[in-house]
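I have placed the structure first, in the form of structure tokens, so that the comments after it can refer back to it.
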Number of protein chains: 2
Amino acid sequence: MTPRRPVRSYHHGDLKTALKKAALELVREKGPRGFSLNEASRRAGVTVAAPYRHFDDKEALLAEIICDGNAILEEETRRAANGARTITQKMLEAGVAYLRFAAEHADYFSVMFHSGIDKSKYPSVQLSATRAFDVILGLAQQKEATEKLARERAVSAWALAHGLATLRSEGALSETADQEADLQHLKPILRRFLDQPYQ
Amino acid sequence: MTPRRPVRSYHHGDLKTALKKAALELVREKGPRGFSLNEASRRAGVTVAAPYRHFDDKEALLAEIICDGNAILEEETRRAANGARTITQKMLEAGVAYLRFAAEHADYFSVMFHSGIDKSKYPSVQLSATRAFDVILGLAQQKEATEKLARERAVSAWALAHGLATLRSEGALSETADQEADLQHLKPILRRFLDQPYQ
DNA sequence: AGCATGATGTATGCGATATTAACATGCGGC
DNA sequence: GCCGCATGTTAATATCGCATACATCATGCT
């Protein structure tokens, strides 16, 4: 009669990761506000006290997720840029990668920008964000003459991509079933923006 | 301003408005997550049950605030556009007005975009958002030949402004004490974007 | 094998919130 | 002046969440 379970060990093994996954799952289901440590613990098959061995508190978990998200974003924009030849094309592909990230990792994106946590309290978060931004900034520096212009170019490209991604995630932009096609449809917008000679 | 009674009377007079103000105040102090119906009631000097005479539930209050915010945004971008002569200048000023709105009404902006409410459940919210967007769209239609191009132009301008505003509100853009100066500093970015011939 | 240590469970305190039901009040129309 | 109806209050319910102290388990090191 005893429920025969496949030897669930007392020690979870990788609870930290499991909790982060559960949190993202919750965000996907119930939106950025739908996350709670308790529910995440339950889903990870663990009591509500266990998470505290791995995270200082609820916010700390979110902060780590944001770091992870920034790392993925950095990685993906960098790879996209590497696949192109000219600087302008690199920036274009990086922008597309940003939009793709926002769509494919909507859960991360949601936590990163809509979880309402005070990022300034977490240096690690700021560091990861800076690193992600540096991908674009690095490209802009190769494109522009002065540091000031490069920074301005990078900021505006970043902002455009971020704005498009946000509008998209809110359903303000008409979307079809084909994500990739929609993405390619937005490309011209980025291209026109980047093609223009700067100053 | 608000009809406030010196003597604490049983009936508040304009509780609906008072609650919305209190909510915005809370958001200003504690961020978009820091709002609760209970605390707002307290600040309005009323018990926690009173709000239900004016709003279906917590979300409904937020939804109304979003409508209000969209109305203000619409009004301010429209006025800014009216103050300029050429279409391009009108769009530029509208963009600056967007950024100014995000800075000066950071509380509204926060609720509008970071409160995590499902806007699709509130037609009134969507209507107000559409009306605000129509200001830009209307300008773009005068600037571009086809409807398709106009829409694209409007979307990208909107996205750029929104992205800049968001980055700004997160402290990603260096800011000085002088809000207005910072704003003028961002103008070139918008201008370069708008000056470019489209297609 | 035995022990130190870290990972998890148990029990519990505390606080907060949203929401509803039933009762009270007083403003404004008649 | 009176009474209805909107507006508030009292009171109660149902959750839920965070956090902590302490016991228990299992793993890996020696």
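Residue numbering restarts at 1 for every chain, and letters A, B, ... go by the order of the sequence lines.
- Counting to the nearest Å, the P atom of D:dT15 and the CD atom of A:Glu39 are 15 Å from each other.
- Judged by distance alone, the side chains of A:Glu64 and A:Tyr122 never bring a donor and an acceptor atom under 3.5 Å apart.
- Distances were taken from every side-chain heavy atom of A:Ala49 (C-beta onward) to each of D:dC18, D:dG8, D:dA21; the shortest belongs to D:dA21.
- If you check the side chains of B:Asn38 and B:Ser41, you find no donor sitting under 3.5 Å from an acceptor.
- Under the side chain to side chain donor-acceptor pair (under 3.5 Å) criterion, A:Asp182 pairs with A:Thr176, sequence neighbours left out.
- At a threshold of 4.0 angstrom between heavy atoms, the contacts of B:Arg33 with the nucleic acid are absent.
- The distance from atom CD1 of A:Ile117 to atom C1' of D:dC18 is 16 Å, rounded to the nearest whole Å.
- Distance CG (B:Asp57) to P (C:dT20): 8 Å, rounded to an integer number of Å.
- Distance B:Lys30 NZ to C:dA16 P: 10 Å, rounded to the nearest Å.
- When rounded to the nearest whole Å, the span between CG of A:Leu62 and C1' of D:dG17 equals 14 Å.
- The nearest whole Å value for the distance from the CG atom in B:Leu61 to the C1' atom in C:dA18 is 13 Å.
- Applying the side chain to side chain donor-acceptor pair (under 3.5 Å) test to B:Glu147 and every residue at least two apart in sequence or in another chain returns B:Gln141.
- Taking atom CG of B:Leu37 as the reference point, atom C1' of D:dC16 lies 16 Å away to the nearest angstrom.
- In this structure, B:Lys58 atom NZ and C:dA18 atom P are separated by 5 Å, rounded to whole Å.
- In this model, the phosphate group of C:dT10 is not approached by any side-chain N or O of A:Thr47 to a distance below 4.0 Å at OP1 or OP2.
- Among the nucleotides C:dG9, C:dT17, D:dG17, the one closest to any side-chain atom of A:Val46 is C:dG9.
- Within the structure, every side-chain polar atom (N or O) of B:His54 is placed at least 4.0 Å from both OP1 and OP2 of D:dA6.
- When only modelled atom types and interatomic distance are considered, B:Tyr98 and B:Glu76 share no side-chain donor-acceptor pair under 3.5 Å.
- Dashed line: the shortest gap from a side-chain N or O of B:Asn38 to OP1 or OP2 of C:dA16 is not under 4.0 Å.
- The side chain of A:Ala50 lies closest to C:dT8, out of D:dT20, C:dT19, C:dT8.
- If you check distances only, the side chain of A:Arg53 never reaches the base of C:dG6 with a donor-acceptor pair under 3.5 Å.
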